[in-house]
There are 2 protein chains.
Amino acid sequence: MCPTENDLSTVRRTLHRADGDSGNSRVEQKERTRQRLIESALALIGAGSGYTALSLREITREAGLAPAAFYRHFRDLDELGLALVEMGGVTLRRLLREARRDGIPPTDMLRGSVQIYRRFVAERSEVFRFIAGARGGGSRAIRDAIRTEESHFASEMAQDLRTLGTLPELSSATLQMICGLVVTTMLNAASDILDLPDGHIQAEREMIENFVRQLRVVFLGAARWRDD
Amino acid sequence: MCPTENDLSTVRRTLHRADGDSGNSRVEQKERTRQRLIESALALIGAGSGYTALSLREITREAGLAPAAFYRHFRDLDELGLALVEMGGVTLRRLLREARRDGIPPTDMLRGSVQIYRRFVAERSEVFRFIAGARGGGSRAIRDAIRTEESHFASEMAQDLRTLGTLPELSSATLQMICGLVVTTMLNAASDILDLPDGHIQAEREMIENFVRQLRVVFLGAARWRDD
DNA sequence: TATTACAGTGAACATATGTTCACTGAAAGG
DNA sequence: CCTTTCAGTGAACATATGTTCACTGTAATA
């Protein structure tokens, strides 16, 4: 009856979050299985099947849940897809952050950035697989969401170039246009890299080299650009 | 009863190929329904559903055939997909041919080419929808086939630039690399154009303008490029 | 402590799918 | 003319899918 008791136990549960992993409250548990669903979807994508080939039952099976449980977290597959898009967005943001933190190699800044990117694509390959697959394939809503995310990424990149003092005479609009070009080139390269027969490091080298050169062309053109 | 009668009718059918459409022989008939299957697939893609969402039964239904008839023409859906890729290839070749025939507008050759391209995308929208959708989404075999087709297209384009005398100081390898960049930019633009909410011609204008500017950056960079 | 909210279950449903098989009818060819 | 070939049929199959519903146990709450 004493009102403090329940408060205390609640608090205890809430505070114990340090040991075990990350909480036991009801909402936390729910959030955790939601994440489990998302990660199961990513795992399946990583295991080969494209996003469009994904089925609700497959995902819940992978997550160890009954099919009906899916509806407690997402209205339909597209909603799960949108969560994946968002996850793709944070991955890209992390990429930028990391590139910023590492600082740009003094001489060959382009090749350096590409190396970081290459590592990122390899490490979070499922995410890039998803984006590459759903960018043209998925439902309308998902394609739009991906486009939005790409655009945000391009803006952030333009902002970074600004702060870095690269291409100082270009207008913001032009910078944005150029970063858009860079982004599509990046995503296209990711898709190519992921489809490389593994082992053939020579083919990978060539592909990366081609990628670097394409970016060089873009920045060469950007430096030459005159707004009017 | 008279033996000539059958022969005559056969001959009549065979020779009459001029009127009606294109023949009645057994192989011709088969080829025609094969085409019907391909076009049904394209129609379904045009009507919204992505290539990966296509089903054998859906296609035969659209074509007015029993599901089992499909196997008389393709081993599985992927084989039909490869036929679609090839069709995409000839579409791109036609694009180049048409651009060549029309001749390049003296002053603004880039904007002119983009206009031709825009028209092509609009007219054969289903083909471009398919390519955009299957480029990242479809099965491994199909993605590879599309990549091959893109590469051929890039080569042919490089060849054209050579004959046209554009960028004369670039090596063939460099030219190929640059055309590769142009091709991915083109396909990306196609996918963007096709997703435009129709009616909004202002949005289309901006999108095309952005596309033109991106290509301008690429060619500006190409002109600046020095092989070493 | 008794009540409520609700994440997850398991069974059932209506529908779709790919693939098989023996078949039919008409064109092709000896 | 008689036989062979073969594109297309229609029914059946095993399997998959999305969605529903009444349910159960347990955490939250009052």
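Chain letters run A, B, ... following the sequence lines, proteins first, then strands; residues in each count from 1. In this text, all values refer to a predicted model and were calculated from it rather than measured experimentally.
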Q: Verify, without hydrogens or angle tests, whether B/Arg140 (side chain) and A/Asp195 (backbone) share a donor-acceptor contact under 3.5 angstrom.
A: yes
Q.
Nearest 0.5 angstrom please: A/Glu62 CD to A/Ser55 OG, how far?
A. 11.0 Å
Q: Give a yes or no on whether the backbone of B/Ile146 and the side-chain of B/Arg135 come within a donor-acceptor separation of less than 3.5 Å.
A: no
Q) Whole-Å distance between D/dG8 P and B/Arg32 CZ? A) 11 Å
Q: Select one nucleotide: of D/dT9, C/dA12, C/dG18, the one nearest the side-chain heavy atoms of A/Arg57.
A: C/dA12
Q. Do NZ/NE/NH1/NH2 and the carboxylate oxygens of B/Arg93 and B/Glu149 come within less than 4.0 Å?
A. yes
Q. Which nucleotide in the list C/dG8, D/dT17, D/dG8 gets nearest to the side chain of A/Thr33?
A. C/dG8
Q. Counting side-chain heavy atoms from CB outward, which of D/dT9, C/dA28, C/dT9 is closest to B/Arg72?
A. D/dT9
Q | Protein-nucleotide distance (A/Phe70, atom CZ; D/dT17, atom P), rounded to Å | A | 13 Å
Q. Out of C/dA22, C/dG10, D/dG18, which nucleotide sits closest to the side chain of A/Ala66?
A. C/dG10
(Q) Between B/Val27 and B/Leu77, which residue's closest nucleotide on DNA chain C lies nearer the 5′ terminus? (A) B/Leu77
Q. With a non-hydrogen cut-off below 4.0 angstrom, is A/Tyr71 in contact with a base, only sugar-phosphate, or nothing?
A. base
Q | Whole-Å gap separating C1' (D/dT9) and CG (B/Leu56) | A | 15 Å
Q | Length of the CD-C1' vector between B/Glu58 and C/dT19, whole Å | A | 18 Å
Q. Where each residue is assigned the nucleotide of DNA chain C containing its nearest heavy atom, which of B/Arg26 and B/Arg75 is assigned the position nearer the 5′ end?
A. B/Arg75
Q.
Heavy atoms from C-beta onward define the side chain here; which of C/dG8, C/dG18, C/dG10 lies closest to that of A/Ala68?
A. C/dG10
Q. When the distance from CD of B/Gln29 to C1' of C/dA28 is rounded to whole Å, what number comes out?
A. 15 Å
**Q.** Length of the CD-C1' vector between A/Glu28 and D/dA28, whole Å
**A.** 13 Å
**Q.** Closest nucleotide among D/dT9, C/dT17, C/dG8 to the A/Ala69 side chain
**A.** C/dG8
Q. Is B/Glu98 salt-bridged to B/Arg119, going by a charged N under 4.0 Å from an acidic O?
A. yes
Q) Over how many whole Å does the gap from B/Asp76 atom CG to C/dT17 atom C1' extend? A) 15 Å
Q: Let me know the distance between CZ of A/Arg61 and P of C/dG10, rounded to the nearest Å.
A: 15 Å
